[in-house]
Each structure stands twice: as structure tokens, then as C-alpha cells.
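Structure, as C-alpha cells:
Keep in mind that the numbers below use all heavy atoms, side chains included, and drop hydrogens, waters and symmetry copies. In this text, all values refer to a predicted model and were calculated from it rather than measured experimentally.
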Amino acid sequence: MSIAFQPPDQPARPVRGPLLKKLCGDENVFALGVSVARVVQLIDSDDGGTHDLAYYVLSDAGLTQKVLRLANTPQYRTKAGTPVTTVSRAISLLGFNNVKASALAMMLVDTLINTRQEQSVRTELEAALCASLVGREMSRTGAHQGTEEASIGALFRNIGPLLIAAHQHERYRDIGALVTAGTHTVNQASQSVLGSSYDTLSAAILNEWKIPDPIVRSIAPLPPGVVKAPQGKAEWVRVVVSFSMEVARILARKGGPAHGVLQALLDRYGVALGLDREQLAALLANVRSGMNDLLDSMQLRPRDQESEADDHVLPDVLLMATMNDSDSAPSGVHPSGKPHNAREQLLAGVQEVAQMRAAGHSRLNELIQAVLETLYRSMGFRFATVCLRDMRTSQYRARIAFGDDHAQRMAGFTFPLTGADLFHLAMQNDADLMISEAATHKIRELLPPWHRTLLPDARSFIVLPLVVQGQQLGLFYADRAVPAPEGVPPDEASLIRALKAQLIVALTPA
């Protein structure tokens with residue numbers, strides 16, 4: 001039997017235009033909507049999807065650090081064995097959909113947590129984050145595994161009250177007062193105060209953000225009472241989204257959920273989702289653990305909520321120190337953009353790529369992307385790419401890239417298999433080039449016309465040939481728009497060569 005859409009407590013009315021305009025017209029909320037839509041539309045198309053997600057995360061330094069913190073929480077770091085230092089590796093470890101949903105959650109937090117009404121916003125944010133984790137767990141173990149709409153729909157199920165709490169706090173408080181007084185349901189109170197229910201408002205906001213229809217439909221409320229078994233994936237997702245938000249609200253109650261509340265939850269959703277008491281208990285335990293990890297990665301968990309077990313886990317400050325990332329000492333960057341702790345980041349990258357190769361289950365493209373990302377982040381380049389031989393077109397062609405205008409530059413980064421310019425000379429001699437000032441006359445003479453046209457402002461760059469048993473397979477290239485007078489000292493050069501050597505071993509026929 002199909003699930004019918006629930007008629008609201010009062011006849012639904014469209015969201016008032018001025019309210020929607022005021023919420024979505026706010027500069028920060030508008031930017032959030034654009035970012036959310038972009039991430040939601042990323043599709044896991046093997047290497048292409050992973051690269052696009054990695055690039056998006058890397059384009060935001062704060063988001064990068066939060067994703068890496070999450071990958072380095074005890075739950076995931078135990079699986080990895082060594083610190084995770086690249087976003088590409090984090091995606092491989094956490095899973096594409098998990099990183100995607102986590103990135104969306106982190107974007108919500110970054111945009112809204114610092115508003116004046118922080119406590120009310122935090123209440124709604126934590127409900128959204130918790131609901132997202134419930135949806136993630138259900139999509140991992142439920143009838144339709146790997147369904148990312150469940151986690152994303154659950155995350156945005158209460159986007160209406162979240163934005164009202166952040167930007168219309170007096171109205172949010174008035175709605176809460178009506179509900180607390182027992183005279184109105186949440187939908188009745190929001191209808192009375194706002195002129196539309198929270199449910200209708202949430203759907204209108206997601207439509208305004210151009211979120212795909214399946215996700216918008218997934219947040220529609222269910223009828224009261226026992227939920228029937230869903231027919232098909234779309235109905236299952238909708239049931240999971242509703243269940244996820246109810247679980248989140250229950251877990252948020254002080255003192256923990258009462259037995260009667262959990263039994264009522266099972267009575268309502270048990271048949272529809274195939275849940276029994278033991279499965280619900282396991283779900284709640286996983287969600288609590290995941291919530292702690294997520295809040296820790298965002299540095300949001302209050303100290304008084306940390307468990308005694310956490311006394312034996314490295315505090316955030318020490319955990320981050322072991323990651324050798326850009327927050328570690330020595331901090332800061334050279335005028336060229338190169339981090340002062342480039343050596344530490346390179347060393348961590350070498351260790352991570354070596355572990356990926358030793359594990360034996362990483363694909364070649366994953367190794368290449370991890371090497372490229374390590375070069376890009378650890379050396380502070382503005383553009384980095386790997387260029388490989390394409391026998392069909394008799395050219396070397398860029399395959400993956402990070403950095404400014406990466407798509408346009410990657411499309412133009414092609415050159416013939418033979419020549420006498422700087423790139424061909426580097427491959428012919430298997431010579432790693434590290435140019436600190438590209439504007440000198442002798443270097444300019446060796447740059448081919450296509451490079452001078454595509455990257456006219458490149459002032460410092462590296463070229464790392466990929467030569468295997470005499471075969472010139474391609475090269476890594478990365479540049480900056482400013483000179484790098486600090487150069488590449490011997491210890492960093494050795495680590496760069498060690499990083500490349502890991503890939504050469506993987507490319508060498510057995």
C-alpha cells in the first residue's frame with residue numbers, strides 16, 4: 001500500500017513571498033544555497049566524481065580541515081592505520097556519500113552557528129546533523145542500501161526552522177511558546193506565526209535552492225499512526241527521513257530517551273523499516289558515536305558531554321599535531337604561498353601513498369590523485385595537474401587537476417609526443433625540474449608557445465617526469481603566479497622524489 005501525503009494540521013498555504021525572499025535573499029544564505037546545490041548535484045561517477053568532490057573540499061581550507069579531522073577520529077583512523085592527510089584518501093576511507101553528506105553538514109554549521117541566536121540555532125543544527133547520521137545508518141543497513149537521498153533529505157528536513165531560528169528568532173520563539181503551551185502542534189504554530197507550516201517552508205527553501213525533486217519530496221511529512229510498508233525506493237526514503245528526524249528529536253532530550261518513547265517509535269516505524277528492539281538499540285549506539293565524531297571534527301562538542309573513554313583519546317590539539325597538516329607548527333606560509341611546514345606535509349603524504357600502495361586495493365587513479373593532491377596542498381601551488389600519454393591522439397593530455405580555473409587549464413594542457421621544449425627535455429632526461437623564477441630569459445626560451453598562452457603568468461613551477469623503464473608516460477606539473485625564492489631545499493626535494501617513486505613502482509610492470 002502506498003503512503004499518502006499527510007494533509008497538514010491546517011490547510012496548506014503557499015509560503016509568503018516576503019518571508020522566503022528575506023530568508024533566501026540574505027547574502028550568507030544565498031551563498032549557502034548555491035554551495036549546497038553544487039555539492040548535492042555531484043555524482044559519484046568513479047574517479048570523476050571523487051575528483052570533483054575532492055576539488056570542492058580542497059577549495060575551502062576550513063572544510064578541508066574538518067573533513068580530515070573526521071577521517072582522523074578514532075573510529076576511522078583505526079581503519080586507516082596511519083593519519084589521513086589527503087582529502088582523496090578521506091573520501092576513499094569514509095566513502096563518497098559520507099563525505100558528501102558531511103561536507104553539506106559542515107557548510108550548514110559554518111554558515112549558521114555564529115549567528116546571534118546561537119543556542120536556538122545549535123539546537124536545530126544538532127537535530128539536522130543527528131538526523132543525517134540516522135539516515136546514513138539506515139541507507140547502510142536498510143532495504144535500499146547506498147541511498148544518499150536518505151541522509152541528505154534528513155539533513156535538510158528542518159531547514160525551515162533552522163533558518164527561522166537564525167534570521168527570524170522572535171518568530172521562532174513565538175512558535176516555540178505556542179507548542180510549549182500545548183495549544184498548537186509545531187505545524188499549527190508555524191502556520192499561525194509565519195503564515196505557512198515549517199514543512200511547507202522547508203520544501204520552498206529547497207526548491208528555491210534548486211535541490212533535486214527526489215530530495216524535496218523526501219521531506220514531505222507522513223500521516224500519523226503506524227506507517228505502512230513503503231512501496232519502492234522513493235517512499236522508503238521518505239519514511240527514513242521522517243524516522244530520522246524523530247530519532248534526532250528523541251536523542252536530544254535531556255536524560256536520554258525513555259523506554260516508552262522508544263517503544264512508540266518502534267510501533268510507528270518498526271514494520272515499515274524492518275526494525276526490532278535490538279536493531280534500534282544498535283542504530284542509536286552507532287548514531288551517538290557518529291554524532292560525537294562529527295561534532296569533534298567541527299570542534300563543537302561541549303567538554304561536559306565527552307565520555308570518560310575520551311580521556312584515553314588524543315585531544316584535538318594533539319590529534320591535529322599528528323596529522324602534519326597546515327595547522328601544525330611551524331604555521332604560516334611564504335609570500336609565494338608555500339607552507340612553512342611543507343616538509344611535514346610531504347612526509348605525511350609519502351607515508352599515506354606508501355600505505356595505499358602496500359594495502360593493494362587502491363586503484364592507480366586513486367594513487368595518482370593522492371600524489372597530485374599532496375603536491376598541491378603541501379607546496380601551496382595555485383594549479384597542479386598530471387599529464388599522461390594518449391596514444392589515440394598522439395599527445396600528452398592533462399587528466400586530473402586541482403586549483404584555480406582547473407577545468408579550463410586542464411582542457412588546454414595538451415602537447416605533442418615529440419619536441420625540444422622544457423617538458424620534453426625533462427622527460428627525455430628523466431629530470432625533476434623545480435623552477436623558482438620562470439620569468440628569466442633562458443627559462444622563457446624553453447617554454448613552448450602553448451604553455452606561454454595557457455599560463456602566461458606562471459612565475460614558479462615544478463615538472464616531475466613519469467618515466468618507467470625508459471618509457472615516457474607523462475609528468476606532474478604544478479605552478480604559482482608568483483616567484484618562489486625560498487626554493488625547494490634538499491630534504492623537501494627528496495620527499496617529492498620519494499612521493500613520485502611510490503607511483504613509479506605502481507606503474508612498473510610486475
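- Under a 3.5 Å cut-off, the side chain of Ser151 and the backbone N or O of Ser132 do form a donor-acceptor pair.
- Contact check for Glu235 versus Lys228: no side-chain heavy atoms found under the 4.5 Å cut-off.
- A donor-acceptor contact shorter than 3.5 Å links the side chain of Thr123 to the backbone of Gln119.
- The aromatic rings of His51 and Phe402 sit tilted, their planes meeting at an angle between 30° and 60°.
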Practice problem: Could you go through the side chain to side chain contact (heavy atoms under 4.5 Å, CB included) check for Leu23 and Gln168 one step at a time? | Solution: CA-CA 8 Å; Leu23 290 177; Gln168 299 278 300; 4.2 Å; yes
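- Considering only heavy atoms from C-beta on, Arg69 comes within 4.5 Å of Gln65 through its side chain.
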Quiz item: Can Leu262 and Leu284 be said to form a side chain to side chain contact (heavy atoms under 4.5 Å, CB included), step by step?
Solution: CA-CA 10 Å; Leu262 294 180; Leu284 296 181; 3.8 Å; yes
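- From Asn286, atom CG reaches atom CZ of Arg136 across 11.5 Å, with rounding to the nearest 0.5 Å.
- Between the side chain of Thr73 and the backbone N or O of Asp293 there is no donor-acceptor pair closer than 3.5 Å.
- A salt bridge does not link Glu352 with Arg377: every distance from a Lys NZ or Arg NE/NH1/NH2 to an Asp or Glu carboxylate oxygen is 4.0 Å or more.
- Between the side chain of Glu149 and the backbone N or O of Val237, no donor-acceptor pair lies under 3.5 Å.
- By the 4.5 Å heavy-atom criterion applied to side chains, Phe156 and Leu108 are counted as neighbours.
- In terms of modelled atom types and a separation under 3.5 Å, the side chain of Thr180 and the main chain of Ala177 share no donor-acceptor contact.
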Mind listing the side-chain donor-acceptor pairs of residues 265-282 below 3.5 Å, one per line with the distance, residues two or more places apart or on another chain?
unit_1	atom_1	unit_2	atom_2	d
Asp267	OD1	Gln263	NE2	2.9
Arg268	NE	Glu246	OE2	3.1
Arg268	NH1	Pro223	O	3.0
Arg268	NH1	Gly225	O	2.6
Tyr269	OH	Ser242	OG	2.7
Tyr269	OH	Glu246	OE2	2.7
Asp276	OD1	Glu278	N	3.2
Asp276	OD1	Gln279	N	2.7
Arg277	NH1	Gln263	OE1	3.2
Arg277	NH2	Gln263	OE1	2.9
Gln279	OE1	Asp276	N	2.9

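- A donor-acceptor pair is defined here as one N or O able to donate and one able to accept, closer than 3.5 Å; such a pair exists between the side chain of Thr64 and the backbone of Val57.
- Within the 4.5 Å cutoff, the side chain of Val109 has heavy atoms near those of the Leu129 side chain.
- Scanning for salt bridge (charged side-chain N to carboxylate O under 4.0 Å, His left out) contacts around Arg38 gives an empty result, with sequence neighbours left out.
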Exercise. Might you work through the side chain to side chain contact (heavy atoms under 4.5 Å, CB included) test for Val371 and Ile368, ending with a clear yes or no?
Key: CA-CA 5 Å; Val371 171; Ile368 292 173; 5.9 Å; no
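- Here the CG atom belonging to Leu63 is positioned 7.0 Å from the CG atom belonging to Asp110, to the nearest 0.5 angstrom.
- Between Ile175 and Leu194 the shortest side-chain heavy-atom distance falls below 4.5 Å.
- A salt bridge between Arg363 and Glu366 is present, with a side-chain N of the basic residue lying under 4.0 Å from a carboxylate O of the acidic one.
- The shortest side-chain heavy-atom distance between Asn97 and Ile152 does not fall under the 4.5 Å cut-off.
- Here the CD1 atom belonging to Ile219 is positioned 9.5 Å from the CD1 atom belonging to Ile159, to the nearest 0.5 angstrom.
- A distance-only check finds no donor-acceptor pair linking the side chain of Asn341 to the backbone of Glu344 [under 3.5 Å].
- Of all the heavy atoms in Leu178 and Ala189, the pair that sits closest is CB-CB, 3.8 Å.
- Here the shortest heavy-atom pairing between Ser244 and Val134 reads OG-CG1, 3.4 Å.
- With a 4.5 Å cut-off on side-chain heavy atoms, Arg238 and Lys233 do not count as touching.
- Annotation: the span from Arg357 atom CZ to Gln502 atom CD amounts to 4.5 Å, rounded to 0.5 Å.
- Between Ala348 and Thr85, the shortest heavy-atom contact is CB-CG2, 3.3 Å.
- Between the Ser190 side chain and the Val186 main chain, a donor and an acceptor come within less than 3.5 Å of each other.
- Checking side-chain atoms of Lys100 against main-chain N and O of Leu42 turns up a donor-acceptor pair under 3.5 Å.
- Note that OH of Tyr55 and CD of Glu373 are 12.5 Å apart. Values are rounded to the nearest 0.5 Å.
- Here the side chain of Thr374 pairs a donor or acceptor atom with the backbone of Ala370 at under 3.5 angstrom.
- The shortest non-hydrogen separation linking Gln188 to His184 is OE1-CA, 3.5 Å.
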Exercise. Could you walk me through whether His406 and Ile400 pass side chain to side chain contact (heavy atoms under 4.5 Å, CB included), step by step?
Key: CA-CA 9 Å; His406 71 289; Ile400 305 172; over 6 Å; no
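- In this structure, the separation between NE2 on His169 and OH on Tyr172 is 7.0 Å, given to the nearest 0.5 Å.
- Between Val241 and Ala154 the shortest heavy-atom distance is CG2-N, 3.7 Å.
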Quiz item: Can Glu124 and Arg249 be said to form a salt bridge (charged side-chain N to carboxylate O under 4.0 Å, His left out), step by step?
Solution: CA-CA 9 Å; Glu124 297 298 338; Arg249 297 297 188 191; 2.9 Å; yes
Quiz item: Would Ser197 and Gln191 satisfy side chain to side chain donor-acceptor pair (under 3.5 Å), going step by step from the backbone distance to the final call?
Solution: CA-CA 4 Å; Ser197 70; Gln191 187 82 60; 4.7 Å; no
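- Within the 4.5 Å cutoff, the side chain of Leu163 has heavy atoms near those of the Leu112 side chain.
- Of all heavy-atom pairs between Val99 and Ile91, the closest is CG2-CA, 3.7 Å.
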